[in-house]
K.L.:
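Pasting in a structure now, in structure tokens, and then I'll have a few things to ask.
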Protein chains: 4
Amino acid sequence: MAPDATPADIQAVVSMVELAGGEAFVSRGVSRIVIGLVGDVDLFATLNLGAMRGVSSVTRISAKYKLVSREHHPDRTTVQVGGVPIGPDTVTLIAGPCAVETPDQTLQAALMAKAAGATLLRGGAYKPRTSPYAFQGLGVEGLRILTDVREQTGLPIVTEVVAADDVATVAEHADMLQIGTRNMQNFPLLQAVGAAGRPVMLKRGMSATIEEWLMAAEYIAQRGNLDIVLCERGIRTFETATRNTLDISAVPVVQRLSHLPVIVDPSHSGGRRDLVLPLSRAAIVAGADGVIVDVHPYPDIALCDGPQALVEEDLTALSATVRDLAGYMGRRIPVSAPIAA
Amino acid sequence: MAPDATPADIQAVVSMVELAGGEAFVSRGVSRIVIGLVGDVDLFATLNLGAMRGVSSVTRISAKYKLVSREHHPDRTTVQVGGVPIGPDTVTLIAGPCAVETPDQTLQAALMAKAAGATLLRGGAYKPRTSPYAFQGLGVEGLRILTDVREQTGLPIVTEVVAADDVATVAEHADMLQIGTRNMQNFPLLQAVGAAGRPVMLKRGMSATIEEWLMAAEYIAQRGNLDIVLCERGIRTFETATRNTLDISAVPVVQRLSHLPVIVDPSHSGGRRDLVLPLSRAAIVAGADGVIVDVHPYPDIALCDGPQALVEEDLTALSATVRDLAGYMGRRIPVSAPIAA
Amino acid sequence: MAPDATPADIQAVVSMVELAGGEAFVSRGVSRIVIGLVGDVDLFATLNLGAMRGVSSVTRISAKYKLVSREHHPDRTTVQVGGVPIGPDTVTLIAGPCAVETPDQTLQAALMAKAAGATLLRGGAYKPRTSPYAFQGLGVEGLRILTDVREQTGLPIVTEVVAADDVATVAEHADMLQIGTRNMQNFPLLQAVGAAGRPVMLKRGMSATIEEWLMAAEYIAQRGNLDIVLCERGIRTFETATRNTLDISAVPVVQRLSHLPVIVDPSHSGGRRDLVLPLSRAAIVAGADGVIVDVHPYPDIALCDGPQALVEEDLTALSATVRDLAGYMGRRIPVSAPIAA
Amino acid sequence: MAPDATPADIQAVVSMVELAGGEAFVSRGVSRIVIGLVGDVDLFATLNLGAMRGVSSVTRISAKYKLVSREHHPDRTTVQVGGVPIGPDTVTLIAGPCAVETPDQTLQAALMAKAAGATLLRGGAYKPRTSPYAFQGLGVEGLRILTDVREQTGLPIVTEVVAADDVATVAEHADMLQIGTRNMQNFPLLQAVGAAGRPVMLKRGMSATIEEWLMAAEYIAQRGNLDIVLCERGIRTFETATRNTLDISAVPVVQRLSHLPVIVDPSHSGGRRDLVLPLSRAAIVAGADGVIVDVHPYPDIALCDGPQALVEEDLTALSATVRDLAGYMGRRIPVSAPIAA
């Protein structure tokens, strides 16, 4: 649709498509609205949609994904998360604890993150765990801790949601909703976050192809949400020296195929603290739009993934790395809000 | 718990554990009730639980999965689905269309299934599809078609559920709830079906290890449901000649580790009609407790996975195969209810 | 070429092709000779090769593999190994120790194999080992032990060759040359065994696709040897419960694509004794033309792969299994020569 | 052994070990000689080897690899190739055509390589090809072209050897012997190059674990050659968007485990020209000691892997990248010899 298309214009297109027996999915991005059509493409071609008011252009697409494809959106997208950009002009550092455990641990981790140059805070209140006997997260209590820490540090919050029923609650507290690797093909959850009015970080399924990942993003986009950030976090292979194998090539490959931003999680892919720095460097020069890392003030007693969390001295190095290599790639680091008094 | 343990006995154990700061999960199987404890194991050891009324034995376990492990349940389990057994004494054939499309197509497929010796009807009303543009299933309307066909054929229904919110509705219509490969680690969904009072078929995640699969089953068991049937359906590998690689070794491996029944889906693993028969034979003699296959009266126009659906003539061969090889393995085929007049 | 083609006829075809700037590869099977042409196919078409003496038919092929393809050889091949057939009419059991260690151990294993119905003896004199510090085989001394045991038991020998330089020596002693999984793409070795005048067993590379496996067979065929038996022995996947994942589907898939026999190695794929029987059963009913298993009289002190070797009591069960399921598949078991006095 | 140990000292140690029924493997590196012992370690402990003349220290090792392990050689090794270092102080660029086709093509590619800052020339005269119908390389003629081009450009040569029988010939012409991915576990070949008196580049098997890769290096080291450079070139996974998946994490992981240099091949891992630059950048900042890339003056008519070869304009960018990021990592680029008049 054209930038000045009105709600009535949009509704007119949708109605026309539905009259023709098709389905129309309206996706709202920061700077444009796209309507995806599904149904009898030949019939649609007879409707003369291009002449309708507010329509900018009509394109016939046969790819498996449309709304997230770069084919017809050559400019790469910038997603805004609580005022912090993730996109082609920046390298955005997201940091925080794997799991929210206590107010103190979360605040300490957030202060570490901020000191290291992070402008977004990650932290899990709902944790999908392989074992039913592992710590499952604090739930709503964890969300409240996160919003308190946001108030104290000014860092917008990225947090995971694992059930469609929780989406409204999480969206109320968080600035960005994260879909974890095990839920990449949880289609009802994708549809729920697609309708939640919050930017979404979609982690790659640990055995998903790039095409399947983009089709999962399409599920979200189709519900009207184009504010999606893709996150490469390692794939499952035969190699056991690392928890998963970071598919660094996925960064440039995805950026060719899709206009969406792509960030890298070097903490979960390697599963080892000593790999976070070299993999973060690799991610940035491979073109990643950001890096998301685990930090923990006391990793030895972390309830979740302690062995991969960065500690104080690593963060100084990470901070310098992100700054230097972002500069090398011609990008800037987003500026963080000052810590609230 | 002992066979004659009363609800009050069970509650007493649960209360004792909770007083000690632990959690107690009560799992009800066909013939026994097991209470799983999580928390300070050393403290539990001081509680003298073994002396409480209704307690049969107390076992200290450290495995990643407990309730589904064979370690303390040497006898393999038989799960009853609408009166049809799946377990060590039988080879149960489950057949039906991949997706429920129309009443006629479903009935025809069910009659084909029944003629081939199937005693359970499979058919999807809710379909998790990789592409948002693919047929997503008929939903509640599909469930109604299935219950109509059950009435006409006497075949109990196995059908997939993809969202926790749908569990109650599906459980109301179906005899067995199926968790698909993409949802094997959708933990809220596992917990919901664990509490739904219906037997569950848990398909293996296409890139899940056997250990992760059993931990997923443990999620269901922990909510009180031990009527779980595991279904091997192929894993993701580098080989592209087949859709996935059937891990036939998983059948004996799982049967060593768990008391739960294991069946095989040769249709989805191979993705090719010509492989269904040889893989069904292989499954039965590897020790599978059943086989689940796609059938379709008009596979060329199927909305889902037509290329792998068996047709009339294949079914005659399959029927003979199941009968002969079940006999070779010292098992019988469950008897189907007569077709309602 | 026609069955009555003379060496002069063959040479004439080869010369003609070479005159046209092409290459001609003569492959001799048990019952036919095939000449594969490489070069300017359009030019070849002008040569009127079909009219030359001794030429039966000329076929233009563009597949990645030609000589081993079933496309133009619809009848499946039977390979004779020291008088023992491997092909579509039989289920051939090959058994013996993983490695030849001593004369006594080899003889005892051979007698066990024979008692179980095996008609070919396997045993490694040259062992490719992942670690340079592991037992590497006895070399020529091992070959001599094998030929002594052949004399004592009447069992023809299948043994591995790992270096092109050893091919002549091994071919002098053995009835069948085995190419191991790590050498499936050792092209000089493939070419050497292709020219050695002995049947070849080509194990699938542990991460080779079926197409790559058939192209490796084509290397052997191209040097004039069509007496090739393919052996599925498990592929590398993420699953760690078994050493490799037996790709049981490969049996029917390969039999569609190639006229060559396919056997299965359940010992090396699973790496566990308790899986050998169920996987052998699965292999036979999936259509395998034979099974190759490890046996060892004293597995606890085996220098190589002891944990997967069958012992006495397993063999009785295996023997019955092969006999019964071969019968079920409409095949017979080859008859073994009597033990020499 | 101590730096001033004499051949007689070495022989004395070897003889002592052999008297004790063990085996001794003498490995000569640039700056030290190591003797690896295999056999009864407890018996060796009684020999008082540490007191023998020329012995610097004795260490008891139980790892699967010893000579290549970093455990007892904390300093990382620099390998010299025709005067060009590959090691921790430099980022060495190796470039050239995938296959040597003609003198002109090879010279043009070498000049391109040199202009881009490469100090070593790669080029294959012996090509291991999956299909027997693909171009197999020029053999000795290709080696002669390479030595001519070396004379014209001053670039030492890295070239592949695929058969033990060819090792002497290739070693006579080349400055470094390359073992390709399909031969990583061709143990006779590893042993032959281990004894050839030339540095070796050992590519990772496309489905080899890091541990297996290091054990393959150990085979070479055990024959007396510690001048080994490891080359990560992508592993086989389920992802099909790239030819293989570059395991970027392998760089820091291997450098923790082994003292050997590690370089990265971004051309073969991705199989796409557009990925060579981003993956080269990622490799350098992940800590790689060098990068090896395909270049071709006329990629559209290349006989081998044309789609991944860099062309002129890419090379200017690559040159700047290597220089800048080497500097960022505190390393220098080796200086190339001037082009011969």
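All chains are named by letter (A, B, ...) in the order of the sequence lines, taking the proteins before the strands, and each is independently numbered beginning at 1. Any value given below was found using the heavy atoms of this structure, including those in side chains, with hydrogens, waters and symmetry copies removed. Everything numeric in this text was worked out from a predicted model, so none of it was measured.
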K.L.:
Rounded to the nearest 0.5 Å, how far does CG of C:D274 lie from CD of B:Q255?
P.N.:
11.5 Å
K.L.:
Does CZ belonging to C:R332 count more than 12 external heavy atoms closer than 6.0 Å?
P.N.:
yes
K.L.:
Using non-hydrogen atoms only, which part of B:R236 is less than 4.5 Å away from chain C: side chain, backbone, both, or neither?
P.N.:
backbone
K.L.:
Mind checking the CD1-CG spacing from C:I248 to B:L275? Nearest 0.5 Å is all I need.
P.N.:
11.0 Å
K.L.:
Got C:R272 and B:R256 here, is their nearest side-chain heavy-atom distance under 4.5 Å?
P.N.:
yes
K.L.:
Using heavy-atom distances under 4.5 Å, tell me whether C:T209 contacts chain B through its side chain, its backbone, both, or neither.
P.N.:
both
K.L.:
Do C:L325 and B:L325 pass the side-chain contact (heavy atoms from CB on, under 4.5 Å) test, and can you show the C-alpha distance, the side-chain angles, and the key distance before you say yes or no?
P.N.:
CA-CA 9 Å; C:L325 292 178; B:L325 292 178; 4.1 Å; yes
K.L.:
Where on B:T321 is there a heavy atom nearer than 4.5 Å to chain C: the side chain, the backbone, both, or neither?
P.N.:
both
K.L.:
Which one wins on heavy-atom pair count under 4.5 Å against chain C: B:L257, B:V251, B:I210?
P.N.:
B:I210
K.L.:
Under 4.5 Å heavy-atom distance to chain C, tell me which part of B:A283 shows up: side chain, backbone, both or neither.
P.N.:
neither
K.L.:
Starting at OG of B:S207, measure out to CD of C:E239 and round the result to the nearest 0.5 Å.
P.N.:
11.0 Å
K.L.:
Nearest 0.5 Å, what's the CZ-CD distance between C:F238 and B:E212?
P.N.:
8.0 Å
K.L.:
C:V285 and side-chain contact (heavy atoms from CB on, under 4.5 Å): which single residue from B:V285, B:L279, B:I284 fits?
P.N.:
B:V285
K.L.:
Considering only heavy atoms, which portion of B:T237 lies under 4.5 Å from any heavy atom of chain C: side chain, backbone, both, or neither?
P.N.:
side chain
K.L.:
Is C:A250 close to chain B through its backbone or its side chain, or both, or neither, when contacts mean heavy atoms under 4.5 Å?
P.N.:
neither
K.L.:
Determine the minimum heavy-atom distance between C:A282 and B:A286, stating which atoms define it.
P.N.:
CB-CB, 4.5 Å
K.L.:
Given heavy-atom pairs under 4.5 angstrom as the criterion, report whether the side chain, backbone, both or neither of B:T240 touches chain C.
P.N.:
neither
